[in-house]
Every structure is written in C-alpha cells, then in structure tokens.
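Notes for the one structure printed next.
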Number of protein chains: 2
Amino acid sequence: MIKYSNQTRILVAVDCIILGFDGKDYKLLMVQRGFAPEKEKWSLMGGFLQPRESLDEAAVRILKQLTGLENVYLEQMHTFSSPNRDPVERVVGVVYMALIDIEKYERQINDDFHARWFLMKELPQLIFDHEEMVQMALNRLRYKAALHPILFELLPEKFTLPQLQALYEGLFDTKIDKRNFTRKLLSSKILTKKEEKDKSSSKKGAYFYSINEAIYRDNGQAMLNLIPRNEIPAATE
Amino acid sequence: MIKYSNQTRILVAVDCIILGFDGKDYKLLMVQRGFAPEKEKWSLMGGFLQPRESLDEAAVRILKQLTGLENVYLEQMHTFSSPNRDPVERVVGVVYMALIDIEKYERQINDDFHARWFLMKELPQLIFDHEEMVQMALNRLRYKAALHPILFELLPEKFTLPQLQALYEGLFDTKIDKRNFTRKLLSSKILTKKEEKDKSSSKKGAYFYSINEAIYRDNGQAMLNLIPRNEIPAATE
DNA sequence: CCAAAAGTGTTAATTGTACACCCATGA
DNA sequence: TCATGGGTGTACAATTAACACTTTTGG
C-alpha cells in the first residue's frame, strides 16, 4: 500500500516511572544506561515502540522485563517531544507511570539492566529530560491520589490502615489525623476488614484490610477527600 | 552522529480536538479528508510532527493554520497508538484539546481544508479512531471543568454569568441553580464585574465579567465545585 | 508494668443544596 | 403593561476539621 510521502518518521520510546513504597519512603526504580552518550548514568526504564504493539502493550512489556510483574497499575501520563531531548537522534518519549508493590519486585530479573531503587528524595542525576518526567509524575500522582483511592496499588493485597496512611503522609509530606482518615476511608466502603492482624509493627497489631473489588470497580473513581483541602496541590496538565 | 540501530521509526501525528460553544451547543471543528482512504470523510484537524518542532509547537501550528487563532487554551490529552489505527501506514497520534472562542474563528482561513463546525450531538462518522478521541476529550473536559474554572476559555474576554452557566449546563447536560452557581463563582474572586451590560439576550441586560488574571494565574487550579457532586463524572486516565 | 502503636467519638465550622420572589426593560 | 431573562437571600443538610483518651500486648 502507498505510504504517506515526504514525512519524517521518528523513534517512539516508552519510559516507565516505576514507583514503590517501602513503608517509609517512596522509591523509584531506575536502570543504568549501558551505552553512550551518558553511559552509566541513571535512566527511567524504557524501550522503543515495536512495529506490532501499542504503547500500552509496550509499557506492559517493559515493566514485565524489568520487574517480572504483570497486572500492575499502569497509566499513560504524557508525551515528551522536544526535538533535542535525546542527543543521539530524535525520539518522542511516552511516559507511563506504574505503581507497584515493592515486595513483589523480583530482584533477579533486573540483573541485565543494572536496576536499582532510589529514594525519591535522593535521586541521582538522570539522563535527558527524565527528571522533568519524574516531577510531572509526582504532581499527577498527588493530584489524583488526593481525590481518588489509588495509593493502595503500592501495597500488598492485604494492608493496614496505618500503612495506607503512611503512604498519604509520605506523598503529601504532611500529617493526617488518623480519626478523620479512617472515617472517610471506611465510609466509602471500598475496604473490607479482615479478621487477621498485622503484628509486624506493633504489639497490639493492626487489622488487615483489602479492597472490596466490587465497589472499587464500580466506584473506583469516587471522590474521596482524604487529604485536607489546603494540602491538595494544583491540577496538572 | 551514530543513530539507534535496528529500530523502527514511526510517523507521529498531532490531532486537534477544537471545541467551541455557540451559546447553546458545543461544537467541534472538523475537516474533510482530501485523500484516500476514507477520502471526504470527516476528520479531526491534524498533521505530522515536523523534524524541528515539539508536539506543543505542532499543535499550535495546526490550530493556527486551521482557525487563524493563537494564544488559545491547548492541552495535550493522550497518545493513541494501536498499530492499525491508520490503514495507510502506522501513525502514532497525539491528541490535543483546544478550547476556543467560536466568534473569533476566521471563516476564510479554513477554505483550504473544507473545515466545518458540527454540533457535538450530531457528529458525522469520523475516520479511524477519531470518535474515541472525541469521547475521551469530552470526558476529560467534564472531569476537569467540574473542579476547575476553564470553560470560560470558550467565551469572549467579556462574558455574562448566564452565558457561563449555559456552558456548564451544556457540558453536563443538567440544570444548575443559578443562585448557587453565582455564589460559588463569585466567592472564588476570579471574576471581575464590569459596568457594562450585555443586552443581546434580554431586556434587562446581564453584567459582563472578565477573568481576574492575577487571581486566575495564582489560583487557576482552585477547586471550585460548580457542579453538584452527583453530576460529577468519574475520573479519566 | 510500661512503652508503643492502634483504635475510637464529639463538637464546631464550613460548605453545599434547595428553594422563590423581585427587578429592569424593550416591545 | 407585560413577558422575558437577570439578579438576589435564607435555612437546613452534609461534610470537614480539630481535638485526646483508652486499648492491647510483647518485652
């Protein structure tokens, strides 16, 4: 078939912002670039869009390759396109954000890529425009998490309310009143209380909860003002 | 300089969803495709990303070409990438949404493109995945407009409260109580009342307002619950 | 028995919603 | 003078925010 003539074809890359939470801090999984330029500097995990796959598929593929994980929260975020963002040749970069349970991450898988978790607070210098990508992702996540229940994507299937609260407090760098937090969360009905307790972080133990899938699917986008209004960040484009 | 080898380069297109409001209805500006396949079917205005421009620049260029307008509200929305979305050859499509004052649209400019405004309610069949793009844009706009003051981007610099309300009622297909609407809007301080009245739609006349740029810049992302909660749509990815 | 973390209730302030009448004017 | 659309206020409901003490239990 005839093609579009006289147009420039461009490399399209998918870059994944893979976020985890270790109970205290947010972490970002990055890989060490194996080739020049900027060899051995740190980079988001990425790859080129292949002929027969969509961007979503590419993101899933890349995430699987690096972490061994599938069925992970993954969202297309923004496409970066400044003409010189990659000095080798022009590359349009589509950024995806993934929220993973850091415990499920399989250490061995990444050896090929020299992957490493960095504390979000202590990122090294990143290549190209990857810092801008990370900043945008954080802003988006803050915006979204302030209104919708998504942060538990960073926790195991069973988690405690104090864990969930730590997640919010870390992201917004603020203290939240646990009574208000608990009440709002429970009134949404998206959590199911288990019999079982987690005694790993206290003597008394905290009840485990899990997501009520039915309500979450129907109503996962429910507005849920877990963050006091004056802590909510501005919208992001 | 050495290039990335063995990778497939792909056409990147920018497609613009250009929204206007005629006082009663939302409208979408579309062009008639001038070549096969799907020749003479309707399409979003688009174009290929050029070697030396960013996507934002391409969107601005395309918008200018078609409408003659600059300095318009323009936002990158989503990138579409299914491998066969364009039957001619693979094209990754980055969608932008533009909100324009329909009155400023210059009719003569578009003659080359066979452009036409369609009522959002009465769209013709669109090419490729353009209908999906339009649906996503509408959802995004609803979501964003429910929380943030952006719809006046569709109105002239001076506008009346009834006009603004019509905009919200049209987008959400609902009636809004004008007392509550006015109070919320004015309490945000983003509007400045003019002396002047618009007598074009009533005998009494409605006061003109304009955006208070200072407050809007600082606080343009302010939460502003102009839409009753039960009318707010779900979040969009 | 005590330190450390989990769990729980009440009140006041703010915000949201429902509702109806008067006003100004051009025709 | 009247039909049309514009402007305004109040009361009740719902949500949010601020606040501190008791419970459990492993060491």
Side-chain angles (χ1 to χ4, degrees), chain A residues 23-24 145-149 155 158-170 172 174-209 219 222-232, chain B residues 23-24 145-149 155 158-170 172 174-209 219 222-232:
Chain A
K24 279 197 58 173
L147 301 172
H148 305 286
L155 295 174
K158 292 189 284 185
F159 50 84
T160 67
L161 296 183
Q163 281 169 0
L164 198 49
Q165 187 174 337
L167 223 37
Y168 280 85
E169 294 185 336
F172 293 93
T174 186
K175 289 276 165 209
I176 301 173
D177 183 281
K178 67 181 166 180
R179 285 164 291 191
N180 293 337
F181 183 81
T182 308
R183 189 173 340 97
K184 288 176 185 179
L185 207 42
L186 296 183
S187 75
S188 77
K189 312 264 176 74
I190 57 171
L191 297 188
T192 307
K193 192 174 186 171
K194 304 261 179 227
E195 303 282 300
E196 202 185 349
K197 279 186 162 187
D198 168 32
K199 297 218 165 189
S200 68
S201 70
S202 79
K203 293 159 185 175
K204 184 177 179 181
Y207 283 104
F208 278 118
Y209 287 79
N219 198 23
M223 291 292 173
L224 199 49
N225 300 308
L226 297 173
I227 300 296
R229 284 199 238 273
N230 55 15
E231 304 284 346
I232 297 179
Chain B
K24 280 196 59 174
L147 300 172
H148 306 287
L155 295 175
K158 291 188 285 184
F159 50 84
T160 67
L161 296 182
Q163 282 170 357
L164 198 49
Q165 187 173 338
L167 224 38
Y168 281 86
E169 293 185 338
F172 293 93
T174 185
K175 290 275 166 210
I176 302 174
D177 183 281
K178 66 180 165 181
R179 287 164 290 192
N180 294 337
F181 183 80
T182 309
R183 192 176 333 103
K184 288 175 185 179
L185 206 45
L186 296 183
S187 76
S188 76
K189 311 264 176 75
I190 58 169
L191 296 188
T192 307
K193 193 174 186 173
K194 304 261 180 227
E195 303 283 301
E196 203 185 346
K197 279 184 160 186
D198 168 32
K199 297 216 164 187
S200 69
S201 70
S202 79
K203 293 160 184 172
K204 183 176 180 182
Y207 283 105
F208 278 119
Y209 287 79
N219 199 24
M223 292 291 175
L224 199 50
N225 299 310
L226 297 172
I227 301 296
R229 285 198 237 274
N230 55 15
E231 303 284 348
I232 297 180

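Chain naming here is simple, since letters A, B, ... match the order of the sequence lines and numbering starts at 1 in each. Bear in mind the structure is a predicted one, so any value in this text is a computation, not a measurement.
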Only counting residues at least two apart or in another chain, list the ones meeting side chain to side chain donor-acceptor pair (under 3.5 Å) with [X].
X: B/Glu195; result: none
X: A/Lys189; result: none
X: A/Lys194; result: A/Ser210
X: B/Lys199; result: none

Just how far, in rounded Å, is [atom2] of [N] from [atom1] of [X]?
X: B/Leu185; N: C/dT17; atom1: CG; atom2: C1'; value: 17 Å
X: B/Lys193; N: D/dG6; atom1: NZ; atom2: P; value: 14 Å
X: A/Tyr207; N: D/dT23; atom1: OH; atom2: P; value: 14 Å
X: B/Gln165; N: D/dG5; atom1: CD; atom2: C1'; value: 12 Å
X: B/Glu196; N: D/dG6; atom1: CD; atom2: C1'; value: 16 Å
X: B/Leu186; N: C/dG16; atom1: CG; atom2: P; value: 14 Å
X: A/Phe208; N: C/dA6; atom1: CZ; atom2: P; value: 12 Å
X: B/Gln163; N: D/dG6; atom1: CD; atom2: C1'; value: 13 Å

Per-nucleotide protein contact string for nucleotides 19-27 of chain C (B base, S sugar-phosphate only, - none; heavy atom under 4.0 Å): BB--BBBB-
Sugar-phosphate only, base, or nothing, as touched by B/Ser201 at under 4.0 Å among non-hydrogen atoms: sugar-phosphate
With sequence neighbours excluded, residues passing side-chain contact (heavy atoms from CB on, under 4.5 Å) with B/Asp198: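 Expected list: B/Thr160, B/Gln163, B/Ser200, B/Ser201, B/Phe208.
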B/Leu161 versus B/Phe181, closest heavy-atom pair with distance: O-CE2, 4.1 Å
